[in-house]
Amino acid sequence: MDITQRCHLVIEDLSVARGERVVLGGVYLQLGSSQLAEVTGPNGVGKSTLLRAIAGFLPLRSGRMSLVESEAMDSAPLAERLHYVGHLDGLKSALTARENLEIGLGILGRGRLTPLDALERLELAHVLDLPVGYLSAGQRRRVALARLLVADRPLWLLDEPLTALDRHARALLKTIVVDHLGRGGLMLAATHEPLGLPGTIQVRLGAR
Ligand SMILES: Nc1ncnc2c1ncn2[C@@H]1O[C@H](COP(=O)(O)OP(=O)(O)OP(=O)(O)O)[C@@H](O)[C@H]1O
């Protein structure tokens, strides 16, 4: 394990409102190093809301969240120790793939792979100097996912990670996820299409 100390994500009694409505209430979740959890459930049940709340994009109505490190040397806020890849890729169309990844590096800090190496892992090195606006939906998605590799952060939050990816790119993503988990990382994915990795923890929202 070389990402950082061993980590443990603890979510207790989390409630989140969207507008006037409480969308998530009383959510408890624990996730340790090298664990992947998949959040599933019907449309509108609150999967994206859960990930966005953990990422710090939505205020909590109540509850607590922390990423506890076994040797608690690093007290950086949770939002600085995670990567979030949502429905929107967050890429700037006028900038090249390299420039987009360099921005990511600047914001996210602690470099791991260069933009070129990260794109190579997603077999997309040939688009390095192309504006992202020239890319297909699946290629853009792969650039967004390459961000995961340019800065080292223990917790990955991926919303529908397989969207727009062809079969080969899905296999590449799975390899990257397995590598991340193997390095001691944690991952929470909201999805209607499970990655199918062994040992995945299932978190079903809206279960009756
Ligand atoms: N900006 C918003 N303002 C108010 N309500 C919202 C907003 N965004 C989402 N919601 C509501 O919050 C609820 C949960 O939405 P969310 O996107 O988390 O669901 P989801 O489980 O991810 O759905 P899907 O499977 O369709 O992606 C939905 O009822 C939705 O209408």
Side-chain angles (χ1 to χ4, degrees), residues 9-31 35-67 77-93 104 107-108 122 132 135-148 153-167 169-174 176-177 180-181 185-197 199-208:
L9 176 68
V10 181
I11 294 175
E12 296 172 297
D13 199 21
L14 186 83
S15 296
V16 183
R18 315 273 327 237
E20 298 297 305
R21 197 164 66 85
V22 176
V23 173
L24 288 176
V27 174
Y28 287 81
L29 178 66
Q30 294 214 22
L31 197 63
Q35 287 190 317
L36 161 64
E38 283 175 342
V39 186
T40 58
N43 289 140
V45 78
K47 302 179 296 296
S48 298
T49 298
L50 176 60
L51 264 55
R52 291 178 63 78
I54 297 170
F57 301 145
L58 297 173
L60 306 188
R61 196 165 167 270
S62 66
R64 293 162 298 286
M65 305 182 294
S66 57
L67 188 60
L78 176 57
E80 292 176 16
R81 289 186 287 151
L82 59 83
H83 280 298
Y84 169 83
V85 180
H87 290 285
L88 301 175
D89 56 39
L91 301 171
K92 296 189 186 308
S93 296
I107 295 170
L108 302 169
L122 286 146
V132 158
L135 304 182
S136 72
Q139 288 173 326
R140 281 184 75 115
R141 189 77 181 164
R142 282 153 80 166
V143 174
L145 291 167
R147 273 202 176 139
L148 298 168
R153 293 189 159 197
L155 175 60
W156 288 5
L157 302 173
L158 305 189
D159 201 347
E160 294 293 355
L162 298 178
T163 298
L165 298 182
D166 63 23
R167 186 190 296 229
R170 289 176 176 211
L172 291 175
L173 173 62
K174 286 182 198 177
I176 287 166
V177 169
H180 175 64
L181 300 175
L186 302 75
M187 178 170 144
L188 194 58
T191 188
H192 294 287
E193 294 182 275
L195 288 170
L197 295 176
T200 301
I201 296 165
Q202 297 298 328
V203 179
R204 177 90 185 158
L205 295 183
R208 291 179 199 157

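One-based numbering, in listed order, for ligands and for the atoms of each.
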**OP:** Note the single closest protein heavy atom to atom 29 (O) of ligand 1, along with its residue, its atom name and the distance in Å.
**Re:** Arg21 NH2, 2.4 Å
Original post:
With atoms numbered from 1 as shown, which atoms in ligand 1 lie under 4.0 angstrom from a non-hydrogen atom of Val45?
Top reply: 19 (O), 21 (O)
Original post:
Side chain, backbone, both or neither: which part of Arg52 has a heavy atom under 4.0 Å from ligand 1?
Top reply: neither
Subject >> Residue and atom name of the nearest protein heavy atom (relative to atom 6 (C) of ligand 1), distance in Å to one decimal >> reply: Arg18 CB, 3.6 Å
**OP:** Could you see which bit of Glu160 sits under 4.0 Å from ligand 1, with heavy atoms only: side chain, backbone, both or neither?
**Re:** neither
**OP:** Quick one: look up the protein heavy atom nearest atom 26 (O) of ligand 1 and list residue, atom name and how far away it is.
**Re:** Asn43 ND2, 3.0 Å
Subject >> Protein residue, atom and distance nearest to atom 16 (P) of ligand 1, heavy-atom basis >> reply: Thr49 OG1, 3.6 Å
Original post:
Side-chain contact, heavy-atom cut-off 4.5 Å: Leu205 with Thr40?
Top reply: no
**OP:** List in chain and number order the residues that pass salt bridge (Lys or Arg N to Asp or Glu O under 4.0 Å) with Asp89, two or more places apart in sequence or in another chain; answer none if no residue qualifies.
**Re:** Arg140
Subject >> Cationic N near anionic O, under 4.0 Å, Glu193 to Arg170 >> reply: yes
Original post:
Gly46 heavy atoms, cut-off 4.0 Å: which ligand 1 atoms fall inside?
Top reply: 14 (C), 18 (O), 19 (O), 20 (P), 21 (O)
**OP:** Check Pro42 against ligand 1 and report side chain, backbone, both or neither, counting heavy atoms closer than 4.0 Å.
**Re:** backbone
**OP:** Among all protein heavy atoms, pick the one closest to atom 17 (O) of ligand 1 and tell me residue, atom and distance.
**Re:** Ser48 CB, 3.7 Å
**OP:** Would you check if there is a donor-acceptor pair between the side chains of Arg18 and Thr49 at a distance under 3.5 Å?
**Re:** yes
Subject >> Residue part near ligand 1, for Val23, under 4.0 Å between non-hydrogen atoms >> reply: side chain
**OP:** Using ring pair (Phe, Tyr, Trp, His ring centres under 6.0 Å) as the criterion, list what pairs up with Phe57, not counting sequence neighbours.
**Re:** Tyr84
**OP:** Identify the residue among Ile11, Leu14, Val203, Asp13 that makes a side chain to side chain contact (heavy atoms under 4.5 Å, CB included) with Tyr28.
**Re:** Asp13
**OP:** State, to 0.1 Å, how close Leu145 and Leu158 come at their nearest heavy-atom pair, and which atoms those are.
**Re:** CD2-CD1, 4.5 Å
**OP:** Could you tell me the residue and atom name of the protein heavy atom closest to atom 23 (O) of ligand 1, and the distance to it rounded to 0.1 Å?
**Re:** Gly44 N, 2.8 Å
Original post:
Can you tell if the side chain of Ile201 reaches within under 4.5 Å of the side chain of Leu31, non-hydrogen atoms only?
Top reply: yes
